[in-house]
A.B. asks: 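Okay, handing you the structure first.
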Amino acid sequence: VFYYFTTNALKENMEDSLINNTTMLNRNLDSLLKTADNSLKELQTNDALLTVAKNIESSSDNYFIKDVPANGSFKNTFGTVLYSQDFSGSISYVSRYYDHIGVRSWEGAIPFVDKEFLKNQPELSYLFETITYASFMPPHEEFWGGSQTVFSVIRSMRDTRTHYGLLIL
């Protein structure tokens, strides 16, 4: 009887602990996603970034390699958001012409990624075709050629009529 009672009590405690841990993890994930989305909303409405996004034209070269002030503006703004929110991750922008710029919290600037490589990412193509304002991607391989598994919060960089690119955190 004692053995049965003890075993049953331990089992109930383990179940309660598992439920409490799962609930806590769920709240933490919801909070992280909300904070990330709010950070992207701030970037999405940043006048300096939006002005640059509007002026990017189609070309074979990455716009951010040629335009050093725009490069610095995006990197500084992204870095500020990462560090002020204490995010361990990256923020990137991909223009509608697949010009890419990004910053990682642990190593600074993400090396520029080839436009053709980005065009061949089916998930990115899908997002460009379907996103209206925001999207969340479950765990997936990082878009920038790394082998790291990440989850992403994505917002469209846009004004009322035109979609200029994607902000990805």
Side-chain angles (χ1 to χ4, degrees), residues 27-59 61-115 117-146 148-169:
R27 281 190 205 126
N28 288 346
L29 180 59
D30 285 346
S31 175
L32 176 65
L33 292 174
K34 185 176 182 175
T35 302
D37 189 46
N38 287 337
S39 295
L40 289 181
K41 284 179 187 176
E42 289 178 29
L43 292 172
Q44 181 183 36
T45 58
N46 181 303
D47 287 335
L49 300 185
L50 192 55
T51 299
V52 171
K54 287 178 180 181
N55 291 320
I56 295 174
E57 296 177 355
S58 179
S59 84
D61 298 323
N62 187 328
Y63 177 85
F64 295 103
I65 293 174
K66 297 184 298 185
D67 191 329
V68 176
N71 179 323
S73 179
F74 269 76
K75 285 181 182 175
N76 290 339
T77 305
F78 290 173
T80 300
V81 169
L82 285 173
Y83 297 118
S84 68
Q85 295 295 334
D86 199 27
F87 286 129
S88 177
S90 67
I91 300 178
S92 289
Y93 174 72
V94 180
S95 79
R96 60 187 162 185
Y97 306 114
Y98 292 91
D99 302 276
H100 168 260
I101 190 162
V103 173
R104 286 188 178 114
S105 60
W106 62 90
E107 68 180 9
I110 296 173
F112 292 110
V113 180
D114 182 67
K115 286 182 167 197
F117 178 81
L118 292 175
K119 286 178 186 176
N120 291 322
Q121 296 283 331
E123 295 91 352
L124 274 178
S125 298
Y126 175 78
L127 287 167
F128 271 112
E129 293 169 10
T130 61
I131 195 168
T132 50
Y133 295 101
S135 185
F136 301 91
M137 284 197 70
H140 61 93
E141 193 170 291
E142 188 178 45
F143 295 124
W144 327 124
Q148 194 169 17
T149 299
V150 298
F151 62 90
S152 297
V153 180
I154 301 110
R155 279 218 158 250
S156 173
M157 178 74 91
R158 63 181 302 130
D159 58 21
T160 53
R161 288 186 217 101
T162 308
H163 171 77
Y164 300 108
L166 300 173
L167 289 163
I168 302 171
L169 191 145

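In this text, all values refer to a predicted model and were calculated from it rather than measured experimentally.
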A.B. asks: Considering residues, nucleotides and ligands other than K34, do more than 12 of their heavy atoms fall under 6.0 Å from its NZ?
C.D. replies: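 At most 12 heavy atoms, drawn from other residues, nucleotides or ligands, come within 6.0 Å of this atom.
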A.B. asks: Going by side chain to side chain contact (heavy atoms under 4.5 Å, CB included), name the residues that satisfy it together with L29, two or more places apart in sequence or in a different chain.
C.D. replies: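 Side chain to side chain contact (heavy atoms under 4.5 Å, CB included) list for L29, sorted by chain: L33, F151.
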A.B. asks: Atom CD1 of I154 and atom CG of L40: how far apart are they, to the nearest 0.5 Å?
C.D. replies: 8.5 Å
A.B. asks: If you round to the nearest 0.5 Å, how far is CD1 of I110 from CD1 of I91?
C.D. replies: 9.5 Å
A.B. asks: Report the distance from atom CG of L127 to atom CZ of R155, rounding to the nearest 0.5 Å.
C.D. replies: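 The CG atom of L127 sits 13.0 Å away from the CZ atom of R155.
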A.B. asks: Check whether more than 12 heavy atoms from other residues, nucleotides or ligands sit under 6.0 Å from atom CD of E57, and answer yes or no.
C.D. replies: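 Counting neighbours around CD of E57, 12 or fewer heavy atoms of other residues, nucleotides or ligands fall under 6.0 Å, so no.
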A.B. asks: Cation-pi check, R158 to Y133: give yes when NZ or CZ is under 6.0 Å from the six-membered ring centre and within 45° of the ring axis, no otherwise.
C.D. replies: yes
A.B. asks: Can you give me the closest heavy-atom contact between M157 and Q44, atom names plus distance?
C.D. replies: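 Looking at all heavy atoms of both residues, the shortest contact is SD-O, 3.6 Å.
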A.B. asks: Which residue is it: F64, Y93, F112, W144? I am looking for the one with a ring pair (Phe, Tyr, Trp, His ring centres under 6.0 Å) to H100.
C.D. replies: W144
A.B. asks: Would you confirm whether S31, through its side chain, and R27, through its main-chain N or O, come within 3.5 Å as a donor-acceptor pair?
C.D. replies: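 Not confirmed, S31 side chain does not pair with R27 backbone.
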A.B. asks: Do V94 and F128 pass the side-chain contact (heavy atoms from CB on, under 4.5 Å) test, and can you show the C-alpha distance, the side-chain angles, and the key distance before you say yes or no?
C.D. replies: CA-CA 10 Å; V94 180; F128 271 112; 3.9 Å; yes
A.B. asks: Can you give the donor-acceptor pairs under 3.5 Å from side chains of residues 162-169 to other protein atoms, not counting sequence neighbours?
C.D. replies:
{"unit_1": "H163", "atom_1": "ND1", "unit_2": "S156", "atom_2": "OG", "d": "2.5"}
{"unit_1": "Y164", "atom_1": "OH", "unit_2": "D159", "atom_2": "OD2", "d": "2.6"}

A.B. asks: Quick one: OH on Y97 to CG on N62, what's the gap to the nearest 0.5 Å?
C.D. replies: 14.0 Å
A.B. asks: Could you report the tightest heavy-atom contact between F143 and L118, atom names first, then the distance?
C.D. replies: O-CD2, 4.0 Å
A.B. asks: Closest approach of P69 and D67, non-hydrogen atoms and distance?
C.D. replies: CD-OD1, 3.1 Å
A.B. asks: Under the side-chain contact (heavy atoms from CB on, under 4.5 Å) rule, what do L43 and T77 come out as? Steps first, then yes or no, please.
C.D. replies: CA-CA 8 Å; L43 292 172; T77 305; 3.4 Å; yes
A.B. asks: Kindly write out the residues that satisfy side chain to side chain contact (heavy atoms under 4.5 Å, CB included) with N120, not counting sequence neighbours, or none if the list is empty.
C.D. replies: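 If we apply the side chain to side chain contact (heavy atoms under 4.5 Å, CB included) test to N120, skipping adjacent residues, there are no hits.
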A.B. asks: Quick one: list whatever passes salt bridge (Lys or Arg N to Asp or Glu O under 4.0 Å) with K75, sequence neighbours left out.
C.D. replies: none
A.B. asks: Y63 and D99: which non-hydrogen atoms are nearest, and at how many Å?
C.D. replies: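 Of all heavy-atom pairs spanning Y63 and D99, the closest is N-OD1, 2.8 Å.
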A.B. asks: Please assess H140 against S152 for the test side-chain hydrogen bond (donor to acceptor under 3.5 Å, both in side chains), listing each intermediate value before the final yes or no.
C.D. replies: CA-CA 8 Å; H140 61 93; S152 297; 2.8 Å; yes
A.B. asks: What's the shortest heavy-atom distance between S92 and G102, and which atoms?
C.D. replies: OG-CA, 3.5 Å
A.B. asks: I'd like to know whether OH of Y126 has more than 12 heavy-atom contacts from other residues, nucleotides or ligands below 6.0 angstrom.
C.D. replies: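 Counting neighbours around OH of Y126, 12 or fewer heavy atoms of other residues, nucleotides or ligands fall under 6.0 Å, so no.
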A.B. asks: Quick one: CD1 on I101 to CG on L49, what's the gap to the nearest 0.5 Å?
C.D. replies: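 Rounded to the nearest 0.5 Å, the CD1-CG separation comes out at 9.5 Å.
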A.B. asks: If the threshold is 4.0 Å, N to carboxylate O, is there a salt bridge linking E142 and R104?
C.D. replies: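 Looking at R104 together with E142, the answer is yes, because their closest N to O distance falls below 4.0 Å.
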A.B. asks: List the atom pairs, with distances to 0.1 Å, where a side-chain N or O of residues 83-90 and a protein N or O form a donor-acceptor pair under 3.5 Å, not counting sequence neighbours.
C.D. replies:
{"unit_1": "Y83", "atom_1": "OH", "unit_2": "S105", "atom_2": "O", "d": "3.1"}
{"unit_1": "S84", "atom_1": "OG", "unit_2": "T80", "atom_2": "O", "d": "2.9"}
{"unit_1": "S84", "atom_1": "OG", "unit_2": "V81", "atom_2": "O", "d": "3.3"}

A.B. asks: Please check if atom CG in D30 has more than 12 non-hydrogen atoms from other residues, nucleotides or ligands closer than 6.0 Å.
C.D. replies: yes
A.B. asks: How would you list, by chain and number, every residue that makes a side chain to side chain contact (heavy atoms under 4.5 Å, CB included) with F117, sequence neighbours excluded?
C.D. replies: V113, D114, Q121
A.B. asks: Determine, step by step, whether S95 and K115 satisfy the side-chain contact (heavy atoms from CB on, under 4.5 Å) criterion, reporting the C-alpha distance in whole Å, the side-chain angles of both residues, the deciding distance to 0.1 Å, and the verdict.
C.D. replies: CA-CA 10 Å; S95 79; K115 286 182 167 197; 5.8 Å; no
